Protein chains: 4
Amino acid sequence: MDAAITAAVRQLLAEVGYAGLTVAAVAERAGIGKASIYRRYATKHEMIFAATIHGEVLEAPLDTGSLLGDLTELARVIVSHLHHPAAASALMSLLGEIAADPALVERFTRNFVEPERAGNAEVLKRAVRRRELPQLPDMDLFHAMFGGTVLSWLFIAHHDPDDLPERLAQFACAALQATAHQPPPENAPS
Amino acid sequence: MDAAITAAVRQLLAEVGYAGLTVAAVAERAGIGKASIYRRYATKHEMIFAATIHGEVLEAPLDTGSLLGDLTELARVIVSHLHHPAAASALMSLLGEIAADPALVERFTRNFVEPERAGNAEVLKRAVRRRELPQLPDMDLFHAMFGGTVLSWLFIAHHDPDDLPERLAQFACAALQATAHQPPPENAPS
Amino acid sequence: MDAAITAAVRQLLAEVGYAGLTVAAVAERAGIGKASIYRRYATKHEMIFAATIHGEVLEAPLDTGSLLGDLTELARVIVSHLHHPAAASALMSLLGEIAADPALVERFTRNFVEPERAGNAEVLKRAVRRRELPQLPDMDLFHAMFGGTVLSWLFIAHHDPDDLPERLAQFACAALQATAHQPPPENAPS
Amino acid sequence: MDAAITAAVRQLLAEVGYAGLTVAAVAERAGIGKASIYRRYATKHEMIFAATIHGEVLEAPLDTGSLLGDLTELARVIVSHLHHPAAASALMSLLGEIAADPALVERFTRNFVEPERAGNAEVLKRAVRRRELPQLPDMDLFHAMFGGTVLSWLFIAHHDPDDLPERLAQFACAALQATAHQPPPENAPS
DNA sequence: CATTAATCGAGACGGTACGTCTTGTCTTGCA
DNA sequence: TGCAAGACAAGACGTACCGTCTCGATTAATG
C-alpha cells in the first residue's frame, strides 16, 4: 500500500505539480481511501516528503573501497534523490511545516535524520577500518555539513546537480583528513 | 501602506509562522482591506516574498584579524539571523514556494544569494591577503557548504545554535587550508 | 441566495431523498459555495429544516373573520408545510441534533419557535378583539398544544393530514372558550 | 451478546446522544467486534431501534379517583419518561430515521404508539364510568394532543418540565368536558 | 463651495482542499 | 472455527483560505 501511495504521489507530481497535488487525488489514483493515507502520514507534506525523498537515500552507502569513492557515491545518491523535480518544494515546505511542531520534529528526526546520520557514520567507520582516518570525526557537524551542502547547492544556489558530488567528496575527504587528528568535541557521535 | 503591509507580514510570520499566515490576517493587522493587498501583489506568496526578502541581506563580515575569527563571526551572524523562532518556518516554506516559480528564483538569487556569496568571498579574500590561504578556494562549494551547514544544523538536525559557530569555523578553517593547494575547479556558475 | 438554497434543497430531497442529500450537492445545485450555506445555517439539518419548514408557516395567519376559521386555517397551514415528504425526517432529526447544544436551542428558538408563537398569539388576539374570547389564554400551553398536536398526528400517529385541521380547530376553539374564564398563569404571554 | 449490545446502546445514547453514537463505540463498550453487530443488524438504525423501542412501552395510568388527577398523573409519567437528558435526542432522531422506512414505522406504531393510545383511552374510559364525561372523545385527536403537547413543550419550546403536567391536565380536562357533548367523528384511522 | 470620481475598509462570495469521521466490509491473529 | 480487533474503501462533514467582487463611507479633485 505504501508503494501505491508513493507511486501515485510521483505520478501526480509529474502531472499536476506540487501545488496542484491533493490528497484526495492521491487516494483515488492509488485506489485507496484518504484515511489510509492519514493513518501513515500526519500531513500532506509528510506524505509527499516520504514519497519523494524517503527510501534509498538513507540506507546503504555501498562500499567502493575508498573514502573518496564512498563519499562521492554518497553525495551522488543524496543529490539524485533530492533532485526530483518537486523534491525542492516538498522538502523545504515540509521543513517549514515541521519547525512549528515539536512532535513533528521528533517524528521527522527519528524517521529521516537519524537513519541518514547512521548511514553517514557507517561510511566513516569504514574509512577508520581502512586506516584512511585515525578516528571518527565530529559526526554531528559532518552530517550537517554533508547534507546541508547538497541542500544549499540545489535549492538555494540552484547550481547544476551533476557538478556537486565529486567536488563535495574531494572537499569533505581532505577536510576529514585535515581535521582528524583533532579529537571530536565532547558530544561524541552516537 | 506598503510599509504597513510589510510590517504586518513580519509580525504575523513571527507570531503564527508561515503556514499560519493568512491574507485576511495581514489585512486586519495592517488596518486595510484585502483588496488593497491584491492591488499590489498578485498572490500571497509574492506579498510574503516582498515583505521578507526585500533588502534583508545583512552580510557584514567585519574583520577580526584572522581567518578563524572571521569565520566564527560569520557563522555567528548567519546563525543569529536564521535562528529567529519563526524565521525557520518562514524561510524554509518560502524556499519551497519560490522553487516552483523561476521568476522568484531569479529574484531570490539576485537579492539574497549573490550578496551573501560576495560576503563569504570577502572573508576569504582577506585571508588570502593575510597569507593564511594561498588562493581563493572553490567559492561555489564553500558558499554552499558554509550556509548549508548552518541550515541543516538548525532546521534539520535541530541542534543547539550556540554549539555551531566555533565548531563550524574550526572545521572550515582546517578544510580550507587542507584543500587550498588544489586549484579550484573552473568555477563556472551553472 | 436563500431562495436558491431552499430550491436546491427541495429539488435534491425529491431526487435523492433525505439520507442522500449532501451539503456539497446543495451548494453545487444552487451555484454557490458551501461556505455561503454554513454562513446561514449552523448544520446541514438546520439548512434542510429551513428549506422545508420555514417561511410561511410562521408568519401571517390571515383573518377569516372567526376564531374557528382562523384556527382551521392555521392548522391547515402548519399541516401543509409540515407534510412535505421529507419534512418529518428533517424536523425530527433537527430537533434531535439541537437538543444537545444550548446554543443551537437558543438559535432555533429565536428563529422558529418565537415567530410561530407570535403568529399563534396574533390569531388569539384577534379573537379577543372580536369578543370571541374574554382574554388571551395561557399562550405557552396553547402554542405547545396546537403545534404539538400536529406533530404527533403526522409523525407519531401517522394519521391522514387532511383529517386534522378541522377537528383540531374545533377542539381548540371549544377548549379555549371553556378555559378562557380562568386567568392564565403567572407567565403571561409575551 | 444481544443483551450486551442493547445495554451498550442505551448507555451510549445517554452519554453521547443519538448523533454521537457510533457502531464502533457500541462494539467497544459491549466488548465485542463490529462484525458481530452487523451479523445481527443490517444497519446502525436497526440496531438502535431494536435496543430502544423493544418493549419499553411503560403506560401505567393508575387510578387517582378523578379525571383531573388521572390526567395530571398521566402527563407526569409521560414527562418523566421523556425528560431523560439524552432521551430527547434519541427519541426525536429515531423518529426522523424511522420516518424514512415504512417497515420501521409499522413496527414503531404497533410497539409504541398503539399501547400508549390504549393507555390514554383507559384513563378516559374511567372518566366515562365515573360520569365525569358523557362519552369517549375523539381518541385519535386526544392522543395526538396530549402526547404532542408534551413533546412540543419539552423539545421545541424547551420549557420547564415541572410546569407542564398540572397546566396540561387542567386544560385537557376542561377541553374534554367542553367538547364532550359533541359526538366524536367517525374516528377512522387513516 | 459643491459635486463628482476615485479609493478605501470591510467582508460576503464561489470554489476548493483540508483533515476528521463514520459506515459497512474484509482481514488477521489468538483461543 | 469463531470471535475481538481493527484496517480498509468510500465519501460526507464542517472549517479554512484564496482571490474576486460588491458595498457604503470617506477622501480628492474638479467645475
Side-chain angles (χ1 to χ4, degrees), chain A residues 1-2 4-5 12 16 18-47 97, chain B residues 1 4 16 19-48, chain C residues 1-2 4-5 12 16 18-47 97, chain D residues 1 4 16 19-48:
Chain A
M1 174 122 61
D2 304 78
I5 295 173
L12 287 165
V16 300
Y18 182 89
L21 185 143
T22 69
V23 176
V26 172
E28 190 186 8
R29 178 68 60 99
I32 63 177
K34 281 203 308 176
S36 297
I37 292 179
Y38 283 105
R39 218 174 285 124
R40 286 170 174 69
Y41 310 107
T43 68
K44 182 171 78 150
H45 283 109
E46 196 173 326
M47 173 191 72
E97 285 250 314
Chain B
M1 175 124 64
V16 300
L21 184 143
T22 68
V23 175
V26 171
E28 189 186 10
R29 178 68 59 99
I32 62 177
K34 283 201 308 175
S36 299
I37 292 178
Y38 282 106
R39 217 171 287 123
R40 284 169 177 70
Y41 309 106
T43 69
K44 182 172 82 150
H45 297 320
E46 200 168 306
M47 173 191 71
I48 300 177
Chain C
M1 173 123 58
D2 304 77
I5 295 173
L12 286 166
V16 301
Y18 183 88
L21 185 143
T22 69
V23 176
V26 172
E28 190 185 10
R29 177 69 58 99
I32 63 177
K34 280 203 310 175
S36 297
I37 292 178
Y38 283 107
R39 218 172 283 125
R40 284 171 175 67
Y41 310 107
T43 68
K44 181 172 80 150
H45 283 109
E46 196 175 324
M47 172 191 73
E97 285 250 315
Chain D
M1 175 125 65
V16 300
L21 184 142
T22 68
V23 176
V26 172
E28 189 186 11
R29 178 68 59 101
I32 63 178
K34 284 202 307 177
S36 300
I37 291 178
Y38 282 106
R39 216 172 288 125
R40 284 169 177 72
Y41 310 106
T43 68
K44 181 172 83 150
H45 296 320
E46 200 168 308
M47 173 191 72
I48 299 176

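Keep in mind it's a predicted model, so treat the numbers as computed, not measured. Chain letters run A, B, ... following the sequence lines, proteins first, then strands; residues in each count from 1.
Atom OH in Tyr38(A) sits roughly 16 Å away from atom P in dC8(F) (whole-Å rounding). Here dG6(F) presents its P atom at 16 Å from CE of Met1(A), a figure rounded to the nearest Å. With rounding to whole Å, Glu28(B) atom CD is found 8 Å from dA10(E) atom P.
Among the heavy atoms of the strands, none lies under 4.0 Å from Ala27(B). Within 4.0 Å of Ile37(A), counting heavy atoms only, lies no atom of the nucleic acid at all.
Along DNA chain F, the nucleotide nearest to Gly31(D) and the one nearest to Thr43(B) differ in position, and the one closer to the 5' end is contacted by Gly31(D).
Comparing dA10(E), dG24(E), dC13(F) by their nearest atom to the side chain of Lys44(C) picks out dC13(F). The side chain of Lys34(D) has dT25(E) as its nearest neighbour among dG14(E), dT25(E), dC18(E). Of all nucleotides listed (dG19(F), dC13(E), dC13(F)), dC13(F) comes nearest to the side chain of Val23(C).
Shown here for Arg39(A) and Ser36(A), the closest heavy-atom pair between the two residues is NH1-OG, 3.5 Å. Across Ala4(B) and Ala30(B), no two heavy atoms sit closer than the pair O-CB, 3.8 Å.
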Worked check of side-chain contact (heavy atoms from CB on, under 4.5 Å) between Lys44(C) and Val26(C): CA-CA 10 Å; Lys44(C) 181 172 80 150; Val26(C) 172; over 6 Å; no
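Contact annotation: Ser36(C) reaches the phosphate of dG14(E) (side-chain N/O to OP1 or OP2, under 4.0 Å).
Looking at heavy atoms from C-beta onward, Glu46(C) lies in side-chain contact with Thr43(C) at the 4.5 angstrom threshold.
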